[in-house]
2 protein chains.
Amino acid sequence: MRKNYIHPVEITLDVVCGKWKGVILWHLQQENILRFGELKKLLPGVSQKTLTLQLRELEEDGLVKRKVYPQVPPKVEYSLTHYGQELEATLNQMCEWGKRHKDKVGQNNQPVSQENS
Amino acid sequence: MRKNYIHPVEITLDVVCGKWKGVILWHLQQENILRFGELKKLLPGVSQKTLTLQLRELEEDGLVKRKVYPQVPPKVEYSLTHYGQELEATLNQMCEWGKRHKDKVGQNNQPVSQENS
DNA sequence: TTGCATAGTTACCTTTTTTATACTAAGGAG
DNA sequence: CTCCTTAGTATAAAAAAGGTAACTATGCAA
């Protein structure tokens with residue numbers, strides 16, 4: 001157990017709050033099955049290490065299933081578990097809110113004053 | 001924007017992913033208006049500084065309104081903005097998922113409070 | 001023999017986030 | 001005059017998260 005949660009929303013946030021987890025879950029929801037390399041291409045900027053770690057945590061939290069094919073070169077497929085699939089409504093809500101507010105977020109902290117020295 | 005988002009869900013996660021932000025938003029959604037000290041009591045374990053910082057970030061992201069009464073001792077009231085209120089559906093979804101899976105994520109969990117959505 | 005393929009691992013480092021502790025302002029009560 | 005109140009600041013420290021670059025395994029193809 002990682003934490004004494006004060007409220008159920010924290011449980012959800014806890015498993016979903018990693019820099020890339022939201023997008024990972026979203027893509028797995030769309031595509032059903034994705035290989036490691038496919039995910040990597042879908043997340044421009046992730047490092048191998050970070051992607052591995054995010055996937056391992058999602059797996060540990062029971063959201064993602066990891067299927068390893070005993071081949072060389074390796075082949076690993078990721079998909080949502082039943083638990084992960086039940087996040088669909090939440091992810092959709094987050095997507096909707098995000099779309100509505102993408103123009104709003106973070107516009108009041110623009111460091112624009114470079115006029116005088 | 002603070003980041004080059006590759007998907008709208010990231011926007012939402014970005015403004016909601018702070019250690020205490022989920023519960024803060026939840027309580028503000030329930031109570032409409034809360035003073036700083038009331039919030040502090042509702043979040044056992046939070047430090048003054050962290051609570052201040054979380055609230056400042058929520059304010060900066062346009063989710064929370066801060067109303068200062070020019071008194072001594074000071075009185076400051078926090079409430080959700082319209083933007084913040086629009087997170088209601090998302091928060092409710094997260095709460096529901098969290099309740100369903102509190103037994104899954106970490107087995108030796110203390111029971112979470114059963115406030116209703 | 002060399003090189004390529006995939007899905008990692010490892011060591012090291014920087015940045016971000018959170019915590020702990022002490023301190024402040026200004027009026028009213030005693 | 002001193003203490004109490006609230007909503008913070010200031011400073012330092014610790015912890016967590018994420019990034020970079022190099023390295024691994026093993027079968028196959030040239």
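The sequence lines fix the lettering, A, B, ..., with proteins before strands; numbering per chain opens at 1. Bear in mind the structure is a predicted one, so any value in this text is a computation, not a measurement.
Not counting sequence neighbours, the partners of A:Asn92 by the side chain to side chain contact (heavy atoms under 4.5 Å, CB included) test are A:Trp26, A:Gln29, A:Glu88. For B:Glu38, there are no salt bridge (Lys or Arg N to Asp or Glu O under 4.0 Å) partners, not counting sequence neighbours. Qualifying side chain to side chain contact (heavy atoms under 4.5 Å, CB included) partners for A:Leu43, counting only residues two or more places apart in sequence or in other chains: A:Trp20, A:Val23, A:Ile24, A:His27, A:Val46, A:Leu51, B:Ile6. Scanning for disulfide (SG to SG under 2.5 Å) contacts around A:Cys95 gives an empty result, with sequence neighbours left out. In this structure, the salt bridge (Lys or Arg N to Asp or Glu O under 4.0 Å) partners of A:Glu96, at least two apart in sequence or on a different chain, are A:Lys99. Contacts of A:Glu86 classified as side chain to side chain contact (heavy atoms under 4.5 Å, CB included), with partners at least two apart in sequence or in another chain: A:His82, B:Trp97, B:Arg100, B:His101.
Residues from residues 66-78 of chain B lying near DNA chain D, meaning a heavy-atom separation below 4.0 Å, are B:Arg66, B:Pro73, B:Pro74, B:Lys75, B:Val76, B:Tyr78 in numerical order. Of the residues in residues 47-54 of chain A, those lying under 4.0 Å from DNA chain D by heavy-atom distance are A:Ser47, A:Lys49, A:Thr50, A:Gln54.
Here the closest non-hydrogen pair linking B:Ala89 and A:Gln93 is CB-OE1, 3.3 Å. The minimum heavy-atom distance linking B:Leu58 with B:Val15 is given by the pair CD2-O, 3.8 Å. The two residues B:Gly62 and B:Thr81 have their closest heavy-atom pair at O-OG1, 2.6 Å.
Looking only at atom types and distance, the side chain of B:Asp14 has a donor-acceptor partner in the side chain of B:Tyr5 under 3.5 Å away.
Each side chain to side chain donor-acceptor pair (under 3.5 Å) pair with one or both residues in residues 42-52 of chain B, not counting sequence neighbours, appears once here: B:Ser47-B:Thr50.
The nucleotide range of DNA chain D contacted by chain B, defined by atoms under 4.0 angstrom from heavy atoms of the protein and reported 5' to 3', is D:dT5 to D:dA12. Bounding nucleotides for the chain A contact on DNA chain C, 5' to 3', at a heavy-atom distance below 4.0 Å, are C:dA5 to C:dC12.
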With a cut-off of 3.5 Å and sequence neighbours excluded, list every side-chain donor-acceptor pair involving residues 66-78 of chain A.
residue: A:Arg66; atom: NE; partner: A:Tyr78; partner atom: OH; Å: 3.2
residue: A:Tyr69; atom: OH; partner: A:Glu77; partner atom: OE1; Å: 2.9

